[in-house]
Amino acid sequence: GNKQHMLLANHGIITTGETIAEGFNYLYYFEKAAETYLTALSTNKELNIVSDEVAEKTAQETADYPINLAQLHLEQIRLILDKEEPEYKN
């Protein structure tokens, strides 16, 4: 199927991807979405949720994007790590 995440009670998340970059990207944006959702819930206001059609269209457009954004994202993270935390390579 098209599922990339599995949440395990009391254990955390398992994320998959066809490449390491894709798996990293899925995990990164899952965390950002969860953080945004929890922040929105903390306002105690009614949330405006997009329709399934809008969500599916957005997901499809992202999947069909002609540039490998996941690889570019991971390369930029590595450049930051090389500069700020070079010992990660050891």
Practice task
Check the surroundings of atom CD1 in Ile20: do more than 12 heavy atoms from other residues, nucleotides or ligands lie under 6.0 Å from it?
Solution key: no
Handout entry: Over 12 non-hydrogen atoms of neighbours within 6.0 angstrom of OH in Tyr88
Key = yes
Fill in the blank from the handout: When rounded to the nearest 0.5 Å, the distance separating OG1 of Thr16 from CD of Gln4 is 6.0 Å
Exercise for the section: Kindly indicate whether the side chain of Leu72, heavy atoms from C-beta on, has any atom under 4.5 Å from the side chain of Ile67. Expected result: yes
Problem - Residues, nucleotides or ligands: over 12 heavy atoms within 6.0 Å of Glu46 CD - result: no
Handout entry: Contact check, side chains of Phe24 and Ile77, non-hydrogen atoms, under 4.5 Å
Key = yes
Exercise for the section: Start with the C-alpha distance between Lys57 and Glu61, add both sets of side-chain angles, then the distance that settles salt bridge (charged side-chain N to carboxylate O under 4.0 Å, His left out), and finish with yes or no. Expected result: CA-CA 6 Å; Lys57 183 175 189 251; Glu61 287 175 353; 3.1 Å; yes
Practice task
In sequence, state the C-alpha distance, the side-chain angles, and the governing distance for Lys89 and Asp82, and then conclude on side chain to side chain contact (heavy atoms under 4.5 Å, CB included).
Solution key: CA-CA 8 Å; Lys89 292 180 181 182; Asp82 288 345; 2.9 Å; yes
Completion exercise
To the nearest 0.5 Å, atom CD of Glu18 lies from atom OH of Tyr26 at 7.5 Å
Handout entry: Within-4.5 Å side-chain heavy-atom neighbours: Glu85 and Glu87
Key = yes
Problem - Side chains of Asn25 and Leu74 in contact at under 4.5 Å (non-hydrogen atoms) - result: no
Problem - Side-chain donor-acceptor pair present, Gln71, Glu75, cut-off under 3.5 Å - result: yes
Please report, to 0.1 Å, the donor-acceptor pairs under 3.5 Å made by any side chain of residues 29-40, with sequence neighbours excluded.
unit_1: Thr36; atom_1: OG1; unit_2: Lys32; atom_2: O; d: 2.9
unit_1: Thr39; atom_1: OG1; unit_2: Glu35; atom_2: O; d: 2.9

Problem - Cluster overlap Leu8 with Leu27, hydrophobic side-chain contacts below 4.5 Å - result: no
Handout entry: Rounded distance [0.5 Å steps], CD1 in Ile14 versus NE2 in His5
Key = 12.0 Å
